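Here is the structure we will look at, set down as structure tokens.
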Amino acid sequence: MWSKVSAFIKKHKLLETNGLYVIALSGGADSVALLRLLVGMGYSVHAAHVNFHLRGDESERDERFCIDLCQQMGVELHRAHFDTLTYAQAHQVSVEMAARELRYRWFEQLRQDIGADAVCVAHHRDDSVETVLLNLVRGTGLRGLCGIRPRNGYIVRPLLCVSRDDIEAYLDEIGQAYVTDSTNLEDEVLRNKIRLNVIPLLKTVNSAAVEHIQQTADNLLEAQRVLDAVCDGIKENKSLEISKLYKNGSSEYVVYEWLKNYGFNGTQVRQMLAAATGSVFSSQQGYDVLVDRERLLLEPSLKPMKPLRIPETGTYVVDNETKLVVGEEAAWVSKHSLCATVDAGKVAFPLTVRRVCEGDKMIPFGMKGGRLLSDMMTDLKMTVFEKRRQLVVLDSRERVVWLVGVRTDDRFRVDGSTSRVLTLKVLKTNTMQTK
């Protein structure tokens, strides 16, 4: 037992000999074994016990046991009490989830308060196998089949290399008592059903079933690490070339890894890869993905824009990134795309700035007939994202003066009779010269 755990700690670089560690101590066999092993190996540790007040006298018994054990071993014990049921009701989560949130939040706060390097929890190999089977039953991807990892941030798990039987045999050998949580013997919870019913059945098929499942999980974890290294290079991208992904033979996985932190799920990813160009998918976290020919484009969901009324010349804030400067000057013609010059005498105030709407038309500069703005944007090969962001300036008679950054209307063109021009300048975050 000692050699297995020591080698596992060294292999995964979980602990340092000069570090300080918090051990999550419930009083059960697993956490008691972890405490005895790490103290015996010479690590500097504090223990932390949480009383969730869920099991009446049994909860008080567990706390008393942890106090006595730590006093016998000379280990400093930190304790916390939580009204778990009230927390679960207030946050509308299950009791199990409430207990998890409360203990891990407190563990991390305690770790910071005492300057500990990590929090050690006593998950063992059987827990990892249960997690694999639990995820498999619920439905999962590759990551969910990797079991419990030795390290997750400041949480480390030195006992993942040993089984529950190993732990009980070790405690029996050294004559160390422990307490038993009676709820672990009830098969009402799904994890308990797997522990008490499924795993024993699997062992009748193959006595080494647990070891083989864990070995498979370890193999998948190595594959996951390789894939993570590949995907790390694309996580900051705002677009992906679909055709290149197909060449690598793993398009769905790569797209999911790219989008999961933006709130998209596996079902949406599969739909994206089968969708027609122009399709848009939205996440609850406020992001959209556009299928644009052979690309997937990502950007924040577009917030509604209230039309901006411009009663006179001046500087107006269109949004957080854009200002519109409206002025009147002697006649001249701008050639900059973000500065329009039109005949001031032909424009009727107030002006309105808004996004393009369906049915908007204009007479493009240099042409005689009217055209739909949607057709003009399509001719320019604008994406759906670009089209929905496109701004337009109208005068009081609802005539399009300027398709911003694209073209002015021929009805307002500067000609030989123009004495004054109205200048419409768009200023972005990085101001640019427009004259």
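These numbers come from a predicted model, not from an experiment. Below, all heavy atoms of this structure are taken into account, side chains as well, without hydrogens, waters or symmetry copies. Numbers for residues simply follow the sequence, beginning at 1.
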Using only atom types and a distance under 3.5 Å, with no angle test, would you say the side chain of [X] pairs donor to acceptor with the backbone of [Y]?
{"X": "Thr140", "Y": "Asn135", "answer": "no"}
{"X": "Asp166", "Y": "Ser163", "answer": "yes"}
{"X": "Thr84", "Y": "Phe52", "answer": "yes"}
{"X": "Tyr21", "Y": "Glu16", "answer": "yes"}
{"X": "Gln268", "Y": "Asn265", "answer": "yes"}
{"X": "Asp395", "Y": "Leu351", "answer": "no"}
{"X": "Ser279", "Y": "Ala276", "answer": "yes"}
{"X": "Trp402", "Y": "Leu424", "answer": "no"}

Where [X] and [Y] come nearest, the two heavy atoms and their spacing:
{"X": "Val22", "Y": "Ala48", "answer": "CG1-CB, 3.7 Å"}
{"X": "Phe264", "Y": "Phe281", "answer": "CE2-O, 3.6 Å"}
{"X": "Ser301", "Y": "Arg388", "answer": "CA-NH2, 4.2 Å"}
{"X": "Ser239", "Y": "Leu297", "answer": "CB-CD2, 3.4 Å"}

Within-4.5 Å side-chain heavy-atom neighbours: [X] and [Y]:
{"X": "Leu136", "Y": "Leu145", "result": "yes"}
{"X": "Ile174", "Y": "Arg36", "result": "yes"}
{"X": "Leu69", "Y": "Gln176", "result": "yes"}
{"X": "His81", "Y": "His49", "result": "no"}

At what distance, to the nearest 0.5 angstrom, does [atom1] of [X] lie from [atom2] of [Y]?
{"X": "Leu403", "Y": "Thr408", "atom1": "CG", "atom2": "OG1", "value": "10.0 Å"}
{"X": "Leu160", "Y": "Ile9", "atom1": "CG", "atom2": "CD1", "value": "11.0 Å"}
{"X": "Arg79", "Y": "Glu63", "atom1": "CZ", "atom2": "CD", "value": "5.0 Å"}

Would you please say whether a donor-acceptor pair under 3.5 Å links the side chains of [X] and [Y]?
{"X": "Arg157", "Y": "His123", "result": "yes"}
{"X": "Glu101", "Y": "His91", "result": "no"}
{"X": "Gln112", "Y": "Glu108", "result": "yes"}
{"X": "Asp375", "Y": "Thr378", "result": "no"}
{"X": "Asp218", "Y": "Gln214", "result": "yes"}
{"X": "Ser31", "Y": "Ser26", "result": "yes"}
{"X": "Ser282", "Y": "Asp288", "result": "yes"}
{"X": "Thr322", "Y": "Lys428", "result": "yes"}

Can you spot which of Val198, Ile194, Ile148, Val210 makes a side-chain contact (heavy atoms from CB on, under 4.5 Å) with Val129?
-> Val210
Checking salt bridge (Lys or Arg N to Asp or Glu O under 4.0 Å) for the pair Arg143/Glu257: CA distance, chi angles, key distance, verdict?
-> CA-CA 11 Å; Arg143 200 179 301 277; Glu257 287 297 306; 2.7 Å; yes
Around [X], counting heavy atoms of other residues, nucleotides and ligands shown, do more than 12 lie under 6.0 Å from its [atom1]?
{"X": "Lys361", "atom1": "NZ", "result": "no"}
{"X": "Tyr87", "atom1": "OH", "result": "yes"}
{"X": "Lys238", "atom1": "NZ", "result": "yes"}
{"X": "Arg100", "atom1": "CZ", "result": "no"}
{"X": "Glu386", "atom1": "CD", "result": "yes"}
{"X": "Lys323", "atom1": "NZ", "result": "no"}

Can you check side-chain hydrogen bond (donor to acceptor under 3.5 Å, both in side chains) on Arg191 and Thr131, steps first, answer last?
-> CA-CA 8 Å; Arg191 181 178 285 275; Thr131 298; 3.1 Å; yes
Does a salt bridge link Arg55 with Glu60, judged by any charged N lying under 4.0 Å from a carboxylate O?
-> no
Taking it one step at a time, do Asp57 and Arg61 satisfy salt bridge (Lys or Arg N to Asp or Glu O under 4.0 Å)?
-> CA-CA 6 Å; Asp57 292 341; Arg61 176 207 66 183; over 6 Å; no
Begin with the C-alpha distance, continue with both residues' side-chain angles, and end with the deciding distance and a verdict on salt bridge (Lys or Arg N to Asp or Glu O under 4.0 Å) for Arg195 and Asp126.
-> CA-CA 8 Å; Arg195 177 185 303 130; Asp126 295 3; over 6 Å; no
Ring-ring centroid check His46 His78, cutoff 6.0 Å = yes
